[in-house]
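Proteins get letters first, then strands, A, B, ... in listed order; numbering begins at 1 in each. Computation of the quantities below employed the complete heavy-atom set of this structure, encompassing side-chain atoms and omitting hydrogens, waters and symmetry-equivalent molecules.
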There are 2 protein chains.
Amino acid sequence: MPPDRPYHHGDLRQAVLAAAVDALTESGPARLSLRDLARRAGVSHAAPAHHFGDKAGLLTAVAAEGYNLLADTLTAAQQRTADFLDVGVAYVRFAVDHRAHFEVMFRPDLYHPDDPAVAAARQRAADALYGGVRSVTATRRGPDIPLAGIAAWSLVHGFATLWLNHALPPGLGDDPQAAARAVAAIMFRTP
Amino acid sequence: MPPDRPYHHGDLRQAVLAAAVDALTESGPARLSLRDLARRAGVSHAAPAHHFGDKAGLLTAVAAEGYNLLADTLTAAQQRTADFLDVGVAYVRFAVDHRAHFEVMFRPDLYHPDDPAVAAARQRAADALYGGVRSVTATRRGPDIPLAGIAAWSLVHGFATLWLNHALPPGLGDDPQAAARAVAAIMFRTP
DNA sequence: CCGGGAATCTAGGCATTGACAAGTTGGGCC
DNA sequence: GGCCCAACTTGTCAATGCCTAGATTCCCGG
């Protein structure tokens, strides 16, 4: 009796990657299991490792995909508006909408941070982010390092992290974008 | 031949907790192993579970200890100065100096966030943090939720997280406190 | 002094996991 | 048609978390 599925999956790499994002969204990186992903994709327990080397290799691919998604999100937000506040809100929205990617990206101990693909994707995202920041710092005279950009990034990144971990006090409502806008406005629009 | 060590360890709970902090500092939460902690403490592989129930129970204790340490740090910083900038810098210093605790505290999926001990400790830290924030918001009229406090917390929390994950661009130097002070000053001291 | 219950710790086992090695299948290229 | 190689399977091993049963020691009341 031949199995229902063909011997070759066809696009197992993408299937495992998608399954990984699903599993990460459900349970977080701590409970991620290569064997579970293999079961979800309907392949043998060692098939995923063939495409990604090991667990860290899989998470490297997730991180690279995440950085590329973030770069796309930030550039799109920038082209839509000149207000950096909106770019910051887009950053928070990315974190909430792509929680799985976000949680992996900023945990370099889980993957291979020096991988060329992930390094290139991270650079794309950094360029997009600092490009958006430039509008804030353009009017000021400062050192090489755009401290205002670091501050803005820290603010939205910290807000996103705290929001995802349910560390923020209740009363901010349940709309992360609106809350992020209100909080970020305190820094970006000082009278 | 009797074993060198007595049957009862004496203070195994504290020993395992300390070993856990060491292991977390070395390798992070992902590679933490109860059996490794047992080996470090020189006890059988199941002894730690007796004191903490399971792995999540151990991390609950780590988180509680961390929140208490943070509360101590913040209250001490507040009594030393009236400038909230220093409290923010103290927050970053805590994250860098107690990386193991910090990384567990803000990952509630790793432990039991509703545990009474950890909830009480978290409340202590929150009180200390918002007490320090009050000096910033006192002059402003605002809603119940101190948005400026959330913004300040987000800023220092995000900076600490990005610093720990080596996500910040080079050129900030290697002193996290000095860098944090420079970055936070952009928000806290707007002309 | 001592007896028994309770707390602490040991020993063994089971299911799951990540990683590795070796074999099998099938598509594409000459 | 035949061959090569990537894709996938099967089997195995050490390590881990958690569970249960049992051994040892402490403590406290009499």
Within this structure, what is the [atom1]-to-[atom2] distance between [X] and [N], rounded to whole angstrom?
| X | N | atom1 | atom2 | result |
| --- | --- | --- | --- | --- |
| L37(A) | dT16(C) | CG | P | 16 Å |
| H45(B) | dG17(D) | NE2 | C1' | 11 Å |
| L12(B) | dT24(D) | CG | P | 19 Å |

Any side-chain hydrogen bond (donor to acceptor under 3.5 Å, both in side chains) involving [range]? Give me the pairs, sequence neighbours left out, ordered by first then second residue.
| range | result |
| --- | --- |
| residues 15-33 of chain A | E26(A)-R40(A) |
| residues 168-183 of chain A | D86(A)-R181(A) |
| residues 97-108 of chain A | E65(A)-H101(A), R99(A)-E103(A) |

Hey, could you give me each pair passing salt bridge (Lys or Arg N to Asp or Glu O under 4.0 Å) that has a residue in residues 41-52 of chain B? Not counting sequence neighbours.
->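 Applying salt bridge (Lys or Arg N to Asp or Glu O under 4.0 Å) to every pair that reaches into residues 41-52 of chain B, excluding sequence neighbours, yields nothing.
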What bend angle does the helix from dC1(C)-dG30(D) to dC30(C)-dG1(D) show across its length, from five-pair end axes and to the nearest 10 degrees?
->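 The value is 10°.
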What residues form a salt bridge (Lys or Arg N to Asp or Glu O under 4.0 Å) with R122(B), not counting sequence neighbours?
-> none
Are V21(A) and Y111(A) joined in one hydrophobic group, where the rule is that I, L, V, M, F, W and Y side chains link up if heavy atoms are under 4.5 Å apart?
->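 No: no chain of side-chain contacts under 4.5 Å links V21(A) to Y111(A).
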Sorted by number, the residues of residues 48-59 of chain B with heavy-atom contact under 4.0 Å to DNA chain C |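 Within residues 48-59 of chain B, the residues near DNA chain C are H50(B), H51(B).
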Those residues of residues 22-35 of chain A lying under 4.0 Å from DNA chain C by at least one heavy atom | L32(A), S33(A), L34(A), R35(A)
The answer to which of R39(A) and A46(A) contacts DNA chain C further toward the 5' end, by nearest nucleotide, is R39(A)
For [X], side chain to side chain contact (heavy atoms under 4.5 Å, CB included) partners two or more places apart:
| X | value |
| --- | --- |
| R80(B) | A76(B), A77(B), R93(B) |
| A61(B) | R13(B), L17(B), F52(B) |
| H112(B) | D54(B), A56(B), T60(B), D115(B) |

With sequence neighbours excluded, tell me which residues meet side chain to side chain donor-acceptor pair (under 3.5 Å) with N165(A).
-> none
